[in-house]
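All remarks here apply to the structure that follows.
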Amino acid sequence: SLDRIPGVTALLQKDISFALLYLLHAQQPAVLALAIRVLLNLFSSFRPLFKLHLEAFLVTLTKLATDCQGNHQKHTDLILQTIIELCKIKSFTVELYANYDCDAYCSDIVSNLSEFLYKAAFPRGEVPLTGTHILALEALLMLLSSLSKSVSEAETAVPSISSPNHSNQSEAQKLRRSKQRKRVLQQAADKFNKVPAECWQFLEKQGLMTSVNGKPDPKAIAAFFRTT
């Protein structure tokens with residue numbers, strides 16, 4: 001397996017993947033299509049090695065499709081078709097949500113993707129309905145359908161209350177806690193950018209910060225920055 005060869009792994013993770021991500025900005029649809037295809041092959045074959053690369057790939061595609069709307073329809077259609085193909089992969093959307101939307105250090109991939117598709121599916125102003133809008137709607141329905149199907153399968157797999165094995169429930173609870181913590185940190189970051197003092201008060205109310213004599217504990221602040 002190629003991922004067991006250190007030199008090849010480093011080459012794939014750095015030079016090759018960076019060059020391919022750069023080619024996503026190509027003006028020629030054919031070049032964009034080839035870059036997407038090669039990157040998808042890399043992600044499907046070596047997914048554990050390319051978490052950050054997959055995030056950059058999806059964020060870039062979403063931004064490109066948003067910027068290209070009305071100007072480069074071929075690019076937008078190609079990106080929407082790529083999203084549809086990804087949603088067809090079993091458990092892919094759930095993996096995205098668990099590994100990115102519930103990770104405090106990653107983007108809200110599924111949430112941002114859903115918002116983009118929702119906006120792209122409806123014509124703006126006097127713009128007539130086109131195939132691109134229908135394609136965006138199809139991608140949105142595929143995304144939601146994939147998530148719904150995965151959730152339904154997980155619910156049927158959850159053991160009964162009398163069963164000693166509650167691993168599925170525990171995993172779901174972990175994801176909920178991770179997502180909630182991420183929301184809290186995002187709110188804290190917004191407060192810190194506006195009024196830092198309010199950030200510490202907010203974190204203290206959430207149980208993520210301690211105070212000494214009514215003031216934020218410097219050691220707690222240092223530990224928070226170090227570990228967050």
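When reading the values below, keep in mind they use all heavy atoms of this one structure, side chains included, and skip hydrogens, waters and symmetry mates. Numbering of residues begins at 1 and proceeds along the displayed sequence.
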Would you say [X] and [Y] make side-chain contact, with heavy atoms under 4.5 Å?
X	Y	result
Val94	Val110	no
Gln13	Leu49	yes
Arg177	Gln173	yes
Ile79	Leu64	yes
Thr82	Phe57	yes
Leu58	Leu86	yes
Tyr118	Leu113	no
Asn112	Thr62	no

Main-chain N/O of [Y] paired to [X] side chain as donor or acceptor, under 3.5 Å:
X	Y	result
Ser17	Leu12	yes
Glu55	Ser107	yes
Ser44	Asn41	yes
Ser148	Leu144	no
Lys179	Asp101	yes
Asp15	Leu11	no

Going from [atom1] on [X] to [atom2] on [Y], what distance comes out if it is rounded to the nearest 0.5 angstrom?
X	Y	atom1	atom2	value
Arg181	Asp103	CZ	CG	10.5 Å
Phe46	Leu54	CZ	CG	14.5 Å
Tyr100	Asp108	OH	CG	13.0 Å
Ser146	Leu141	OG	CG	12.5 Å
Lys149	Ser91	NZ	OG	9.0 Å
His133	Phe122	NE2	CZ	10.0 Å

How far apart are the closest heavy atoms of Ala65 and Thr76, and which atoms are they?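 Minimum heavy-atom separation between Ala65 and Thr76: O-OG1, 3.9 Å.
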Any chance you could lay out the salt bridge (Lys or Arg N to Asp or Glu O under 4.0 Å) test for Lys63 and Asp67, step after step, and finish with the verdict? CA-CA 6 Å; Lys63 186 177 185 305; Asp67 295 340; 2.9 Å; yes
Answer with yes or no whether the hydrophobic clustering places [X] together with [Y]; edges join I, L, V, M, F, W, Y residues whose side-chain heavy atoms lie under 4.5 Å apart.
X	Y	result
Leu52	Leu42	no
Ile134	Leu143	no
Leu175	Leu185	no
Phe202	Val195	no
Met142	Ile36	yes

Counting neighbours of NZ on Lys182 that are heavy atoms of other residues, nucleotides or ligands and sit closer than 6.0 Å, is the number greater than 12? yes
Check whether more than 12 heavy atoms from other residues, nucleotides or ligands sit under 6.0 Å from atom NZ of Lys51, and answer yes or no. yes
Under the salt bridge (Lys or Arg N to Asp or Glu O under 4.0 Å) rule, what do Lys194 and Glu198 come out as? Steps first, then yes or no, please. CA-CA 9 Å; Lys194 297 175 182 178; Glu198 292 184 2; over 6 Å; no
Side chains of residues 19-35: which donor-acceptor pairs under 3.5 Å do they make with residues two or more places apart or in other chains?
none

For Leu203 and Lys191, what are the C-alpha separation, side-chain angles and deciding distance, and is it a side chain to side chain contact (heavy atoms under 4.5 Å, CB included)? CA-CA 10 Å; Leu203 288 173; Lys191 292 180 180 295; over 6 Å; no
Given the rule in the side chain to side chain contact (heavy atoms under 4.5 Å, CB included) test, do Leu80 and Phe116 qualify, once you have shown the distances and angles that lead to the verdict? CA-CA 11 Å; Leu80 291 173; Phe116 156 69; 4.0 Å; yes
